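Single-structure report; data block below.
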Amino acid sequence: MHQLVYVSAATSVMGGADLNDILDASRRNNRAHGVTGLLLHIEQGFLQVLEGPEAAVEETYARIGRDSRHFNCRAMIRQHIDQRLFGDWSMGFDHLTPEAAGTADVFTITSDAINNLITPGKAAEIAIFLKSFYQVHAGRFAA
Ligand SMILES: Cc1cc2nc3c(=O)[nH]c(=O)nc-3n(C[C@H](O)[C@H](O)[C@H](O)COP(=O)(O)O)c2cc1C
């Protein structure tokens, strides 16, 4: 099983309808290809986890990378995993703000990554918070 975590910058301000379009396509395609994961929207950026068979994950990432709704996609983590972190989410989603209870650390780490303050290779912090994020929100999204 393969896991890829990337960050990117949104091209314009994303409203609820824009995000719903992205999530609808994501869930439909990811279900069909055995991909699961999490999309975090934070200020003007995204952090996304894609996990599944390596070819399916890399093909999905390549398609996402060509999407003009965001730019400057940077893969922070590409690794083999024994088990999916988000196995029952075809694509979980959250919008993070610094004020929201319990998400301050996630917000900081994610915005640092999006703002180039965490480079690939120094992304261990990201992997740690992702696991705790799932534990807190388990059961929230159906696969
Ligand atoms: C931030 C972001 C995350 C996305 N995540 C996914 C995803 O996980 N899976 C997916 O298939 N498409 C994702 N997309 C959408 C793709 O770029 C593309 O629009 C979509 O896969 C096309 O699907 P369709 O041809 O079935 O409409 C994402 C787009 C953006 C901007």
Side-chain angles (χ1 to χ4, degrees), residues 1-100 103-123 125-143:
M1 201 67 65
H2 187 63
Q3 185 191 58
L4 189 154
V5 180
Y6 77 86
V7 294
S8 66
T11 306
S12 57
V13 176
M14 292 274 152
D18 303 309
L19 291 165
N20 275 336
D21 285 348
I22 291 173
L23 286 170
D24 284 350
S26 301
R27 289 173 175 150
R28 176 168 29 83
N29 292 328
N30 295 352
R31 267 187 207 113
H33 296 111
V35 172
T36 51
L38 170 69
L39 178 64
L40 297 179
H41 178 229
I42 169 170
E43 293 183 315
Q44 280 293 83
F46 295 103
L47 181 146
Q48 190 172 27
V49 186
L50 300 167
E51 53 191 19
E54 182 163 358
V57 167
E58 292 292 342
E59 279 160 23
T60 301
Y61 180 56
R63 189 169 68 250
I64 295 170
R66 292 191 294 268
D67 194 315
S68 61
R69 289 172 286 191
H70 65 169
F71 63 98
N72 197 16
C73 290
R74 278 152 290 144
M76 307 294 287
I77 300 174
R78 262 193 173 104
Q79 63 179 359
H80 169 84
I81 48 170
D82 291 328
Q83 250 188 320
R84 294 173 193 256
L85 267 186
F86 303 101
D88 49 1
W89 296 354
S90 57
M91 191 46 64
F93 175 77
D94 209 351
H95 173 72
L96 295 185
T97 57
E99 301 81 30
T103 58
D105 288 351
V106 183
F107 180 91
T108 306
I109 293 170
T110 306
S111 66
D112 282 356
I114 290 165
N115 293 315
N116 276 326
L117 299 174
I118 299 176
T119 50
K122 285 194 180 171
E125 304 168 62
I126 293 177
I128 293 166
F129 92 67
L130 289 173
K131 190 160 183 82
S132 61
F133 183 90
Y134 179 74
Q135 284 160 353
V136 171
H137 298 285
R140 207 165 122 188
F141 306 99

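All figures in this text were calculated on a predicted structure; none of them were measured in a lab. In each ligand, atom 1 is the first atom listed, and ligand 1 is the first ligand listed.
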Quiz item: Relative to the heavy atoms of Asn30, which atoms of ligand 1 are at a distance of less than 4.0 Å?
Solution: 7 (C), 8 (O), 9 (N), 10 (C), 11 (O)
Quiz item: For ligand 1, does Met91 get within less than 4.0 Å through its side chain, its backbone, both, or neither, judged by non-hydrogen atoms?
Solution: side chain
Quiz item: Purely on distance, is any nitrogen or oxygen of Arg28 under 3.5 Å from one on ligand 1?
Solution: yes
Quiz item: So is there a nitrogen or oxygen of Asn29 less than 3.5 Å from a nitrogen or oxygen in ligand 1?
Solution: yes
Quiz item: Under 4.0 Å from ligand 1, counting heavy atoms only, is it the side chain of Thr60, its backbone, both or neither?
Solution: side chain
Exercise. For ligand 1, note which part of Tyr6 has a heavy atom under 4.0 Å away: side chain, backbone, both or neither.
Key: side chain
Quiz item: Do Ile64 and Gln48 have side chains that get closer than 4.5 Å, going by heavy atoms?
Solution: yes
Quiz item: Measuring to protein heavy atoms, does anything land under 4.0 Å from atom 25 (O) of ligand 1?
Solution: no
Quiz item: Contact between Leu50 and ligand 1, counting heavy atoms under 4.0 Å?
Solution: yes
Exercise. State whether the side chain of Ser111 and the backbone N or O of Thr108 hold a donor-acceptor pair below 3.5 Å, judged by distance alone.
Key: yes
Quiz item: In terms of ring plane angle, is the pair His41 and His95 parallel, tilted or perpendicular, where the classes change at 30° and 60°?
Solution: tilted
Practice problem: Please say whether His70 places an N or O atom under 3.5 Å from an N or O atom belonging to ligand 1. | Solution: no
Quiz item: Under a 4.0 Å heavy-atom limit, does Ile64 contact ligand 1 with its side chain, its backbone, both, or neither?
Solution: both
